[in-house]
Amino acid sequence: MAVSISIIAIITSLHLISFVFSIGAERRRSSAKVVPDEYDERTYCMYTTDASTVYGLTAFGLLLISQTVVNGVTRCLCFGKGLVTGTTATTWTIFFFIFSWITFLGAEACLLAGSARNAYHTKYRAAFLVENLSCATLRKGVFAAGAALTLLSLIGSIFYYWTHARADTGGWEKHQNEGIGMATSDFPRQQQHASEFEKA
């Protein structure tokens, strides 16, 4: 299987856009403050925008699409023609396959958990000047971790695709078939020379 520049461009673009949305989600995390209710003697949590949740879910979806593309092209290393065994390229292919999946799952976990936690708002109300109300917010660094793992997933995916293309048995099988065809085509000539030699 030859390396396709268009596939690499698609994988890179999707990962980088996902990274940008992850950084945006980290910067736009919801914050909250306790404010008194104007209608009764209670306090409640007032939250800012939920844009971080939208950014996080967008990054999650883009990363999922990119992982689907690279594993669809390589047939997830399991359902293709197979790889040439005993070569360095095959060893690196398996390594980057595992590495790309670990970083992908880690990034997706951070993005999904961060989006869900950021969307959660404390509904509880407390008595004014009697109870201390604590507003639930997303801890800093969750989306940043997702962004870092997204970049690592990009590196793993590109190297996995590249080493898989080098280790794919398609070219080897073609070479073998060509060799068999050449040997078969030479066989009648050898028989012809042998028969002429016997007549002489």
Side-chain angles (χ1 to χ4, degrees), residues 1 3-34 44-80 83 92-124 133-168:
M1 180 182 67
V3 176
S4 174
I5 301 300
S6 59
I7 296 297
I8 294 179
I10 291 173
I11 296 171
T12 303
S13 299
L14 290 173
H15 270 82
L16 290 180
I17 297 174
S18 176
F19 172 77
V20 171
F21 273 107
S22 300
I23 295 299
E26 177 67 25
R27 295 175 62 89
R28 297 292 302 275
R29 287 179 300 110
S30 295
S31 59
K33 61 180 180 179
V34 179
Y44 66 97
C45 294
M46 177 179 288
Y47 287 85
T48 57
T49 177
D50 284 335
S52 183
T53 300
V54 178
Y55 291 167
L57 291 177
T58 303
F60 176 90
L62 291 172
L63 189 58
L64 180 62
I65 294 173
S66 180
Q67 188 74 1
T68 303
V69 169
V70 67
N71 283 277
V73 171
T74 60
R75 298 188 181 181
C76 199
L77 194 65
C78 306
F79 304 103
L83 305 177
W92 282 112
T93 299
I94 296 173
F95 170 79
F96 283 116
F97 173 76
I98 298 173
F99 179 80
S100 66
W101 270 102
I102 291 175
T103 51
F104 163 74
L105 293 175
E108 292 288 74
C110 290
L111 294 173
L112 187 60
S115 299
R117 183 62 178 174
N118 188 79
Y120 176 78
H121 293 173
T122 300
K123 304 297 183 181
Y124 176 71
L133 182 61
S134 178
C135 302
T137 55
L138 176 64
R139 185 177 301 178
K140 184 179 180 180
V142 177
F143 286 120
L149 288 171
T150 298
L151 287 182
L152 292 177
S153 176
L154 170 61
I155 296 172
S157 296
I158 290 178
F159 277 101
Y160 162 59
Y161 174 67
W162 180 64
T163 54
H164 182 279
R166 292 185 59 191
D168 187 30

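Here the structure is a predicted model, which is why all the values come from computation and not from measurement. Position 1 is the first residue of the sequence, and the numbers go up from there.
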List the atom of [X], the atom of [Y], and the distance in Å for their closest heavy-atom pair.
| X | Y | result |
| --- | --- | --- |
| Leu63 | Ala107 | CD2-CB, 3.5 Å |
| Thr74 | His164 | O-NE2, 3.5 Å |
| Leu111 | Ser18 | CD1-OG, 4.5 Å |
| Ala147 | Ser22 | CB-CB, 3.6 Å |
| Ala32 | Cys135 | CB-CB, 3.7 Å |
| Leu152 | Phe99 | O-CE2, 3.4 Å |

Taking the side chain as everything from C-beta on, heavy atoms only, tell me whether [X] gets closer than 4.5 Å to [Y].
| X | Y | result |
| --- | --- | --- |
| Thr150 | Leu154 | no |
| Phe104 | Glu108 | yes |
| Tyr47 | Thr137 | yes |
| Gln67 | Trp101 | yes |
| Ser115 | Phe60 | no |
| Thr163 | Phe95 | no |

Would you mind telling me which of Ile10, Thr12, Leu14 makes a side chain to side chain contact (heavy atoms under 4.5 Å, CB included) with Ser66?
-> Leu14
Please work out which of the three classes, parallel, tilted or perpendicular, describes the rings of Tyr160 and Phe97, given edges at 30° and 60°.
-> tilted
For the side chain of [X] and the backbone of [Y], is there at least one donor-acceptor N/O pair under 3.5 Å apart?
| X | Y | result |
| --- | --- | --- |
| Ser153 | Leu149 | no |
| Tyr161 | Ser4 | yes |
| Arg29 | Glu26 | yes |
| Asn118 | Ser30 | yes |

Would you give the length of the straight line joining atom [atom1] of [X] to atom [atom2] of [Y], rounded to the nearest 0.5 angstrom?
| X | Y | atom1 | atom2 | value |
| --- | --- | --- | --- | --- |
| Phe96 | Thr103 | CZ | OG1 | 11.0 Å |
| Thr93 | Trp162 | OG1 | CH2 | 9.5 Å |
| Leu138 | Thr53 | CG | OG1 | 8.5 Å |

